[in-house]
Structures are given as structure tokens and as C-alpha cells.
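In what follows, a single structure is set out as C-alpha cells and then discussed.
To find a chain, count down the sequence lines: A is the first, B the second, and so on, and within it residues start at 1.
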2 protein chains.
Amino acid sequence: MTAKNDMSMRVQTLPGLREQVAERLRMAIATGRFPAGARLIERELCEMMGVSRTSLREALRELQADGLITLQPNRGLSVSVVSEKTARSIYEVRATLEGLAARLFARSATEEQIKALHESVDHLAQVYDNFSAEAFIAAKTRFYDILLEGAGNEVAAEMLRRIHTRVSQLRVVSLSSEERARQSIRELRDFVSALEDRDEQRAFDICVAHVQAAAKAAMKTISTRED
Amino acid sequence: MTAKNDMSMRVQTLPGLREQVAERLRMAIATGRFPAGARLIERELCEMMGVSRTSLREALRELQADGLITLQPNRGLSVSVVSEKTARSIYEVRATLEGLAARLFARSATEEQIKALHESVDHLAQVYDNFSAEAFIAAKTRFYDILLEGAGNEVAAEMLRRIHTRVSQLRVVSLSSEERARQSIRELRDFVSALEDRDEQRAFDICVAHVQAAAKAAMKTISTRED
DNA sequence: TACCGTATGTTGTATGTCAAAAAACAAGAG
DNA sequence: CTCTTGTTTTTTGACATACAACATACGGTA
């Protein structure tokens, strides 16, 4: 074996500028820093992030494909404002795909993955205490990454990751209610316990119920918002 | 009422150049004109389609988000080659989401939509006779558009449309088998009849079975391809 | 043959430019 | 004062070009 084929020293493939921009924009929307309906002006974003219009526009196309921002031709972009109907659609899809992931995880995850998932819920519970939107999203992302990795369906994973950003956006307001937060953690623990038992059906049921509960909480804040 | 508010004369909002490019590329991949694994060189594509690199690259980002093309940093793009595992994932997700759409359609589609769906299957059956990849894809797209519209979940619709392109890509080879084509039409007729009865569960079951059958056919050609 | 350096091709990013569309604004007619 | 019309400004859509970073191919040399 020559040194050339020794991958261990390979320098980490740094994310391209475009991806960084896309990621920062995603985060800005997920945390509510760019609120729903806000207009996004290319020139301003360029200055704000210190990149060229070329790179910025390519990044914007990604967010657009995710449904995170809306383009009105010749008028401009704005952060998508999620109607009640769309929100319901989002949660329907999320429940469906997350249910699939739950089944697959229960069926084929390794013991290590189950353990990792358990720990990530512990971590999530801690984050709830001294709260910050960023930390919360990071913790939840970790939980999902483990779940989706264990499920072993990369296509479903990709779709759920996208939806997840939109859900975060909705949750910014909705989950600040302490009640739902506690309950949510309980549901996740229950979920993990079903997975530890490899109980596919129970994991599925809990997962779907969990999403539906989250949907209910979110829908409440949305409908009040629209008054 | 002033003329200003009379929408009937509104000129049709023409699709931007970028979208046209994206659409043509999608089609080229779906029909196998750009086969899986083919390298895509930006300059060549620019010349081929007569657009600037700027526009082209933005279109490419869309296809990339759809998973249709794969980017290796600093190396270039190529048409995604679908592994057996990924193909399975695609069909799993498709079955899940299409099952959801079937349920929703059965639940809430209008009578007109059901009728339109029935007719689109008739049309699809005709297309099978004097076959062409383009005509087939167009007919199938029409069927899906009606189904997804009737289901009334725009988020699921968007995801299924994306997956659909990837499925077309797989099917290019797989569905040329006359057998499967005939059977497929029979399944669709059965599906529509369940919807006409508003039989949610039966529609769901047929839908999932249909996708699984399609998956089986596709997987066969994939595994032979990989020999 | 194996190695090394150079030439070439390709992507990633940045600039500058221009037309077309929309919005904001100003001016004039009723 | 209000409505309409004309003008300016802003913003997007698209293009051409440039150049650095990286990767591959090539060709010469040991």
C-alpha cells in the first residue's frame, strides 16, 4: 500500500462557499431571524454575507427548491409564509415519512445507533433547561441524524431534513410553551423505548402520534396568528 | 368593475429561462438521453442549450437538489447513478407518499377529479400502443397531476413530482417489457375503481401494491445491469 | 516501467453590464 | 382633493468575462 492510497490523512473536504451561504440562510429562517413574509433583496444579502451575487443566487435556488423562500417573477424573493393548509400538509408528510423512518429504524438499526439515539434524547432534555433556539435546533438535528442514519433510507432522510427546516420555522413561536416541551420529551423517551424493544408497530404509532401532537400545537399558534 | 380587475385577459406568465433549462435537463435525464453516470460539462451544456453559464448553473442547482445529478467538488457533475439500495429507498418513499396521496384523494377529491383521473388512465392505455418515451411520460405526468391535485397536499405533491423524475429514469429500461406494461394498466384501472367507490383503504392497498410491483420490475433490471 | 513536472481542462467565485419589469414618486387634469 | 398619467428608481434576469484552485492528462526522464 502506497501513501497515496492512505485515506486517513485526507484533509477534511471543506464545504464550498455556496453551501455555507445556503446553510446560514436556512438557519436565519429556521430561527426566525428572517421572519415569514420578509422580503429578501439580493444586493442586501450579498453585502450582509460578503459574497458575490453569483454565489448567493445559486444558494437561493437551493432554498427555493426546499420551499423555504418564494419567488415572484421579476418581483423578488420573500420568506415563504406558511398558510394553515400548507402547515397541515407539512405535518401530514412529516408524520408519514417519519413513521416510515421509525419502522425502518426499529427493523434495522444497530445497537450502537439505538444507544446513541437514547443519549441524544438525554442531551435534548438538558437543552430545554437553559434554552436557546440555536442550541435546540442543533440538538434536535443530532437526534434526527441518528434516527435517519439508522433507518438507512437516504432518500427519505433527505426529504425529512428539508421538511425539518420548515417545521423549525413554525416551531419558533409554537414550542416556546413550556407544557408542550415537557410532553414532547416524554414522547421521545417513549419512542426510544419502543425502538429498544424493536417494537416496530409501537414505534410507528408513537412517532405518528408525536408528530400529530406537534402539529396540533403548531396549528394553534398559526390560527391565532392569522386572526 | 374596472378593466384592471378583469383577469380573463391576463397574459400567460411565461416560464423564466432558468426553469426552461431545468425542465429540458430533467427530461433529458428522465428519457435516458443523458444516461446514468454520464459526465455533464458546463461549457458543453451551455453551448447545447444556448444559455449562459450563470443561468445554467442555477438550473443545475435545482436538479442537484432533486438528487438527479451528483456533484463531486472541483471535479464536476454527472448524472446520478442509482445504486440498488438507493432504488429501494426511492420506491419505499414513493409507496409511502403515494399511499398518502391515494388516501387523501379518496377522502376529498371532487367527482370531476375522479372522472378526469379515469379518463387519464384511458389515455395512458392508448399511449402504450404506439409507444414513445416522451408521450408516455407526458401521459403519466397528467395522471399524477390529477391525482395530486385531488389529494390536496401540495407538499407531498412536490416531493412526489421530484421522485417521479428519478423513477422515470429507472423505468426507461425496466418498463419496456410488454408484460409489466399491461399489468400496470390493469392495476391503475383497479385503483381508479377503488377511488370511485371512495374506498380509502382499498385505494391505499392497491396503490402500495402497485408501487411495489413496479419496484420489483425495476430492481430486476437494475441487478442485471450491475452484473 | 515508475516517477515527476508541466500543460490543459474544469469548476468555483467574482465583476461589470444591460434590458425588462415592477414599484415609487411626481405632476397635471378633472 | 382625487384620479390618471408620465417619469425615475429599484430590483431582478441574463450575459460575458476573468481568474484562482483543483484535477487530470501528457510527456519526458531516470
In whole angstrom, give the distance that lies between atom CD1 of Ile41(B) and atom P of dA23(D).
17 Å
How far does CD of Gln212(B) sit from NZ of Lys216(B), to the nearest 0.5 angstrom?
10.0 Å
Whole-Å gap separating C1' (dA14(D)) and CG (Leu56(B))
13 Å
Give the first and the last nucleotide of DNA chain C, reading 5' to 3', that has any atom under 4.0 Å from a heavy atom of chain A.
dT13(C) to dA23(C)
So with a 6.0 Å cut-off around CZ of Arg33(B), is the heavy-atom count from everything else above 12?
no
Any donor-acceptor N/O pair, Thr96(A) side chain to Glu92(A) backbone, under 3.5 Å
yes
d(CZ, Arg75(B); C1', dA23(D)) in whole Å:
7 Å
Nearest whole angstrom, please: distance from the P of dT12(D) to the CZ of Arg18(B).
12 Å
From CG of Leu60(A) across to C1' of dG13(D) the rounded distance in Å is 13 Å
CD/Glu149(B): more than 12 non-hydrogen atoms of other groups inside 6.0 Å
no
Round to a whole Å and report the spacing from CD of Glu42(A) to C1' of dT12(D).
6 Å
Which heavy-atom pair separates Ala22(A) from Leu63(A) by the least distance, and what is that distance?
O-CD2, 3.9 Å
State whether a side-chain donor-acceptor pair under 3.5 Å links Gln64(B) with Arg61(B).
yes
Could you say whether Gln72(B) or Asn74(A) is positioned toward the 5' end of DNA chain C, judged by the nucleotide with the nearest heavy atom to each?
Gln72(B)
From CZ of Arg43(B) over to P of dA16(D), roughly how many Å is that when rounded to an integer?
15 Å
Candidates dG13(D), dA18(D), dA14(D) - which lies nearest the side chain of Ser52(B)
dA14(D)
With nearest nucleotides of DNA chain C determined for Arg39(A) and Gly76(B) from heavy-atom distances, which residue corresponds to the more 5′ nucleotide?
Gly76(B)
List for me each residue that meets ring-ring contact (aromatic ring centres under 6.0 Å, His included) alongside Tyr144(A), sequence neighbours excluded, and say none if there are none.
His164(A)
Output the rounded distance in Å from CD (Glu58(A)) to P (dG13(D)).
14 Å
If each of Thr54(A) and Arg57(A) is mapped to the nucleotide of DNA chain D with the nearest heavy atom, which maps nearer the 5' terminus, i.e. the 5' end?
Arg57(A)
